[in-house]
Protein chains: 2
Amino acid sequence: MTEQVAWELYRSFLGVLREGSLSGAARALGITQPTVGRHVVALEQALGVTLFTRSQTGLLPTETALAMRADAEAMANMAAALARSASDHGNGVSGVVRVSASEVIGVEVLPPVLARLREQYPALQIELVLSNRVQDLLQREADIAVRMLRPEQAQLLARRIGEIELGLHAHPVYLARHGVPQTVADLAAHAVIGYDQPTAFIRKLGKSVQAFDRDTFALRADSDLAQLALIRHGAGIGMCQVALGRRDGLQRVLPQAFSLQLETWITMHEDLRHSPRCRVTFDALAEGLMLHLAG
Amino acid sequence: MTEQVAWELYRSFLGVLREGSLSGAARALGITQPTVGRHVVALEQALGVTLFTRSQTGLLPTETALAMRADAEAMANMAAALARSASDHGNGVSGVVRVSASEVIGVEVLPPVLARLREQYPALQIELVLSNRVQDLLQREADIAVRMLRPEQAQLLARRIGEIELGLHAHPVYLARHGVPQTVADLAAHAVIGYDQPTAFIRKLGKSVQAFDRDTFALRADSDLAQLALIRHGAGIGMCQVALGRRDGLQRVLPQAFSLQLETWITMHEDLRHSPRCRVTFDALAEGLMLHLAG
DNA sequence: CATCGGCTATGCATTTTTGTATGACTGAAC
DNA sequence: GTTCAGTCATACAAAAATGCATAGCCGATG
């Protein structure tokens with residue numbers, strides 16, 4: 001087995017897979033379409049495999065190509081991580097660190113924390129990746145992640161921040177107009193804001209919060225940010241972080257019936273422990289989140 | 001942040017890191033020394049970092065370069081995995097699968113299993129990686145691993161094979177000449193074969209097997225294979241798999257005092273579940289190992 | 001049905017990368 | 001001290017990859 005496949009070819013291959021066409025990949029990669037085309041041909045020859053079925057409206061990836069995608073993405077992640085760790089040379093805190101968090105945390109909680117951190121270390125650059133999908137730190141999609149789950153991998157360095165409490169909230173204006181529900185049954189007469197497609201996380205909670213079911217929602221949104229915005233604008237009653245509700249002057253509703261504790265963890269690959277930029281960011285996130293929880 | 005670092009540069013960089021010199025890397029990569037040198041220079045410029053301090057006796061990697069090594073290795077693993085999964089296209093079972101196992105398992109147990117498997121699927125190619133270090137399947141150092149530990153990662157598909165029992169053994173000739181020890185104390189008068197540097201695994205067992213300590217060993221070898229060979233040639237008394245001892249006509253000694261159960265698992269990345277070549281190999285390994293355990 | 005915007009494929013000139021050959025240096029061995 | 005095997009750096013020619021321009025094809029749109 002000849003190991004002589006140029007790595008550039010994989011990069012072009014991934015580009016085509018992502019963009020769906022030679023031209024698109026060329027644009028994304030900053031090279032020209034004929035070059036990308038030649039790369040793909042070269043890769044197919046090197047591997048002895050058909051990767052795409054050509055059509056003039058684009059390229060259709062074969063099964064083989066699809067199966068290779070995950071590894072190609074991982075390879076790209078590694079390349080990016082490599083570039084990041086290279087930016088970490090000086091003794092000082094500098095370079096790029098990539099932080100992953102949920103949308104709500106990333107939009108509502110992290111900005112002030114990161115702003116302060118940047119003020120302290122102006123040479124530090126931060127990439128914020130917001131996604132509710134659990135990022136894979138081992139594959140280096142991010143350097144540091146804020147998660148609601150205790151990490152399981154031994155190679156991960158984790159610190160428990162505490163518990164974020166979720167509860168039902170509404171804007172005072174809404175409650176003034178529609179009344180404050182006193183029992184769970186009262187909710188039926190209210191505009192309840194909830195999810196549309198249940199995520200894995202919601203399914204896991206599942207039955208634990210009864211009477212909070214898709215069919216009962218008057219307003220459905222999969223984006224947690226959208227739900228939060230709806231609550232804030234008095235559209236109805238929905239779940240959000242208690243700390244956020246308090247901060248924004250929202251009123252909590254039925255606190256005894258609806259309360260959810262989310263364990264919060266900050267996680268980092270243990271190899272990065274001795275990287276100043278990661279270490280510093282890790283600590284700043286921990287401190288900032290604890291402050292947020294304290295309210 | 002320009003993402004325009006050619007991936008080839010990383011490959012040459014890793015080559016230099018591995019080989020310790022431009023010339024060595026060039027040989028390993030099948031290109032010439034000036035090219036590797038230029039690649040390194042290009043990478044240093046692209047990243048704005050000094051990766052090596054030049055000397056005419058070789059290149060000395062900087063801290064930065066060393067910190068980047070792990071990611072570079074991971075990237076290389078991904079490239080290799082990519083090439084392997086490409087070889088998996090046909091409907092039939094073909095292509096390369098990389099199996100990792102301990103030295104003893106790999107030398108003493110797997111060969112017949114793999115031979116039979118290859119007879120059944122001639123288009124299947126197998127790379128056997130023997131190492132007592134726990135291979136990292138998530139980083140794709142291997143497709144399938146035989147391990148003595150229950151895997152912890154959720155992304156790994158694992159099957160428990162059973163328990164491998166270790167016990168003290170000696171060749172009948174040795175025992176005929178030196179007598180069969182009847183008590184643990186008797187061992188002091190015997191040639192006991194053991195480890196030199198305790199591995200993490202041995203340290204973990206630690207005190208569980210008393211009277212089996214480095215200082216008491218007459219023959220020390222870190223290679224399990226060497227220990228096994230010594231036992232087989234009547235050099236003394238040592239630990240080995242009971243199944244192997246039985247197969248080779250070794251006699252077990254002090255079975256009640258020295259018995260160790262090792263859980264055995266076969267592990268695979270879950271993404272590979274639908275890869276015929278991996279699936280088939282996984283099953284063959286499971287079956288073969290169970291047969292081995294049954295004796 | 002003609003047009004337009006998207007795509008791929010190909011020929012050709014140019015740029016870039018690579019290899020070859022060589023020189024200069026180091027450290028170990030004799 | 002000299003030789004030898006190893007290293008890196010550099011100059012120049014050869015090879016290869018790239019970009020440009022263009023042709024051809026498809027599908028949507030008016």
Side-chain angles (χ1 to χ4, degrees), chain A residues 2-62 64-66 68-69 72 75-76 79, chain B residues 2-47 49-62 64-66 68-69 72 75-76 79 83:
Chain A
T2 115
E3 195 63 73
Q4 305 296 22
V5 183
W7 286 8
E8 292 303 324
L9 304 188
Y10 290 127
R11 174 192 233 178
S12 295
F13 163 71
L14 178 59
V16 176
L17 226 37
R18 280 175 171 166
E19 303 293 330
S21 75
L22 297 184
S23 321
R27 277 191 299 273
L29 295 173
I31 54 183
T32 60
Q33 166 262 318
T35 300
V36 178
R38 288 185 278 247
H39 280 182
V40 171
V41 171
L43 185 58
E44 288 182 323
Q45 287 186 345
L47 298 176
V49 167
T50 303
L51 294 173
F52 299 93
T53 55
R54 265 75 171 176
S55 87
Q56 265 134 353
T57 159
L59 297 201
L60 193 71
T62 62
T64 310
L66 292 175
M68 292 169 66
R69 173 155 193 172
M75 195 168 168
Chain B
T2 115
E3 194 65 72
Q4 302 298 24
V5 182
W7 286 8
E8 291 304 324
L9 304 187
Y10 290 127
R11 173 193 236 178
S12 295
F13 163 71
L14 178 59
V16 176
L17 226 38
R18 281 176 171 167
E19 303 293 330
S21 75
L22 297 184
S23 321
R27 278 191 297 273
L29 295 173
I31 54 183
T32 60
Q33 166 260 319
T35 300
V36 178
R38 288 185 282 245
H39 280 182
V40 171
V41 171
L43 185 59
E44 288 182 324
Q45 287 186 344
L47 298 176
V49 167
T50 304
L51 295 172
F52 299 94
T53 56
R54 265 75 170 176
S55 87
Q56 265 138 350
T57 158
L59 297 200
L60 193 70
T62 63
T64 310
L66 291 176
M68 292 169 66
R69 172 154 194 173
M75 196 170 167

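Here is how names work: the chains are called A, B, and so on, in the same order as the sequence lines, proteins then strands, and each is numbered from 1.
Comparing B:Ser21 and B:Arg38 by the nucleotide of DNA chain D that holds the closest heavy atom to each, the one mapping nearer the 5' end is B:Ser21. Remark on DNA chain D: of its neighbouring residues A:Glu8 and A:Gln33, the 5'-side contact belongs to A:Glu8, judged by nearest-heavy-atom nucleotide.
Remark: B:Thr35 is in phosphate contact with C:dG19, judged by side-chain N or O atoms under 4.0 Å from OP1 or OP2. One finds no side-chain N or O of A:Ser23 lying less than 4.0 angstrom from the OP1 or OP2 phosphate oxygen of C:dG6.
Note on B:Glu44 versus B:Arg54: salt bridge recorded, some NZ/NE/NH1/NH2 to OD/OE distance being below 4.0 Å.
Under the 4.5 Å side-chain criterion, counting only non-hydrogen atoms from C-beta, A:Leu43 is not in contact with A:Val40. Using a 4.5 Å cut-off on side-chain heavy atoms (C-beta onward), A:Thr53 and A:Thr62 make contact.
Spacing between atom CZ of A:Arg54 and atom C1' of C:dC7 amounts to 13 Å, rounded to whole angstrom units. Atoms CG (A:Leu9) and C1' (D:dA16) sit 13 Å apart, rounded to a whole Å. If you measure from atom CZ of A:Phe52 to atom C1' of C:dA9, you get 16 Å, rounded to the nearest angstrom. In this entry the distance linking CG of B:Leu51 with P of D:dC8 reads 15 Å, nearest Å. Between the CG atom of B:Leu60 and the P atom of D:dC8 there is a distance of 12 Å, rounded to whole Å. Straight-line distance from the CD1 atom of B:Ile31 to the C1' atom of D:dA14: 17 Å, rounded to whole Å. Note: CG (B:Leu29) to P (C:dT18) measures 12 Å, nearest angstrom. One interatomic measurement links the two molecules: CD of B:Gln45 to P of C:dT17, which rounds to 11 Å at whole-angstrom precision.
Side chain of A:Ser23 to backbone of A:Gln33: no donor-acceptor contact under 3.5 angstrom is found. A donor-acceptor pair under 3.5 Å links the side-chain atoms of A:Glu8 to the main chain of B:Trp7, judged by distance alone.
You'll find that the side chain of A:Thr32 is closest to D:dG19, out of D:dC8, C:dT8, D:dG19. For B:His39, taking side-chain heavy atoms from C-beta onward, the closest of the listed nucleotides C:dT18, C:dG19, C:dC7 is C:dT18. Set against C:dT8, C:dT20, D:dC8, the side chain of B:Pro34 has C:dT20 as its closest nucleotide.
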